[in-house]
Protein chains: 2
Amino acid sequence: MSDGLDTRYLESLPGYNTRRAALTIISRFMDRMAQYDLRPADFSVLSLIGHNPGITSRQLCSALNILPPNLVGLLKGIEKRQLISRSSHPTDGRAMRLALTAKGKALMQEAEATALESDLSAASALSPGEINTLIGLLQKIYLAPT
Amino acid sequence: MSDGLDTRYLESLPGYNTRRAALTIISRFMDRMAQYDLRPADFSVLSLIGHNPGITSRQLCSALNILPPNLVGLLKGIEKRQLISRSSHPTDGRAMRLALTAKGKALMQEAEATALESDLSAASALSPGEINTLIGLLQKIYLAPT
DNA sequence: TATTGTTATACTCTATAACTATA
DNA sequence: TATAGTTATAGAGTATAACAATA
């Protein structure tokens, strides 16, 4: 740092470093995705629906750590934009099967390419090998049994 | 995952993985630090004050990416708890020098040990060498020039 | 004219309780 | 009795505009 502050203790904490890096990457992500009017949660929900047609709200919530009440408004918004469709579940009358519309598929094809490009450019100080190493280490943390 | 969802695209994004890991570590951090009634921002502000006695609000804001209006209430809270003191700046009448009180020092000595222990246990799926590698890669990202 | 610290305020994100309809 | 989806609501976290005092 050029301000001469002692930040050594904070920089020894895995959590501090992980959060700072996440904010750096996501800040760029939000700038890049504004052109599609997609915030991070919209994007991850749409991406998961796109790769898993027929997924239910509950599955989205547990996969993405979103609380059910907070998903309601999000789904309402992307449905109103005609990016997703809901159809009744064949065996469970309570659940709804979610899928991308043609419009949603077209948007996400572009958005996913932009997102990957954004994240890779945010990590461009790292070599491709280092990025793979980083992702592997991060997954060890958040996939570890509690 | 045991739910059979295809999450391969999201797991290819550095930002998604970094955010998921950060939330995992910080969730544990918040649980562990509740005994001291410290939230992440309180902790990082107090830690930086402790390691940089005489630091100003503005320096805290730029080092921690906090906006000045949002620091006001935070400082008011930890000052009311008698964890910090404010003294007038010797050369700049606008600024205030911040420092930990004896009570603040005692609290932070415990809290910093607990925080490090919490973060290391959250990353216990990694070897010490892997943790060092991870921290180095993360710093390359958030310290890189924009 | 620019900067430090502040107030007021708004918007987003996240969290809890309670309801309905189905299982 | 438990679960999927929903409503209402409250609390954090984060953002901008504008001000007084000082540089």
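So that the names make sense, note that chain A is the first sequence line, chain B the second, and so on, each numbered from 1.
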- [ ] Give a yes or no answer on whether the side chain of S127(A) reaches the backbone of E130(A) with a donor-acceptor pair at less than 3.5 Å.
- [x] yes
Task: Between CE on residue M33(B) and CD on residue Q35(B), distance to nearest 0.5 Å - done: 7.5 Å
- [ ] Assess whether side chain to side chain donor-acceptor pair (under 3.5 Å) is satisfied between D119(A) and Y16(B), documenting all intermediate values.
- [x] CA-CA 9 Å; D119(A) 274 22; Y16(B) 176 81; over 6 Å; no
Task: Nearest listed nucleotide, side chain of L67(B), among dG5(D), dA2(D), dA15(D) - done: dA15(D)
Task: Minimum-distance nucleotide to R58(B) side chain [options: dT4(C), dT16(D), dG5(D)] - done: dT4(C)
Open item on the list: Which is more 5' along DNA chain C, the nucleotide nearest T56(B) or the one nearest L23(B)? Just name the residue.
Closed with: T56(B)
- [ ] Could you identify which residues of residues 69-84 of chain B place a heavy atom less than 4.0 Å from some atom of DNA chain C, listed by residue number, or say none?
- [x] P69(B), V72(B), K76(B)
Task: Separation of dA4(D) C1' from L60(A) CG (nearest whole Å) - done: 13 Å
TODO: Would you jot down, in residue-number order, the residues of residues 33-53 of chain B having a non-hydrogen atom under 4.0 Å from DNA chain D?
DONE: R39(B)
Task: D31(A) bridged to R28(A) by N-O distance under 4.0 Å - done: no
- [ ] Quickly work out the I26(B) CD1 to dA12(D) P distance and round it to whole Å.
- [x] 17 Å
Open item on the list: Return whichever of D92(A) or D92(B) has its heavy-atom-nearest nucleotide of DNA chain C closer to the 5' end.
Closed with: D92(B)
- [ ] Measure the CG-CG distance between L46(B) and L74(B) for me, rounded to the nearest 0.5 Å.
- [x] 7.5 Å
Open item on the list: Both R97(A) and M30(A) contact DNA chain D. Which one's nearest nucleotide lies toward the 5' end?
Closed with: R97(A)
Open item on the list: Can you confirm whether L134(A) sits close enough to I141(B) that some side-chain heavy atom of one is under 4.5 Å from a side-chain heavy atom of the other?
Closed with: yes
- [ ] Could you check R94(A) against N65(B) and say which one's nearest nucleotide on DNA chain D is further toward the 5' end?
- [x] R94(A)
Task: Gap between atoms CD and P, on Q59(B) and dT3(C) respectively (whole Å) - done: 15 Å
- [ ] Output the single nucleotide from dT6(C), dA4(D), dT22(D) whose closest atom is nearest the side chain of A95(A).
- [x] dA4(D)
Open item on the list: When you measure from the side chain of S27(A) to the backbone of T24(A), do you find a donor-acceptor pair of N or O atoms at a distance under 3.5 Å?
Closed with: no
Task: Nucleotide dT6(C), atom P - distance to CE of M96(B) in whole Å - done: 8 Å
Open item on the list: Quick check: do I49(A) and V45(A) have side-chain heavy atoms less than 4.5 Å from each other?
Closed with: yes
Task: Distance in angstrom units between R86(A) CZ and dG5(D) P, rounded - done: 9 Å
Open item on the list: Suppose we call two aromatic rings close when their centres sit under 6.0 Å apart. Are Y36(B) and F43(B) close by that rule?
Closed with: no
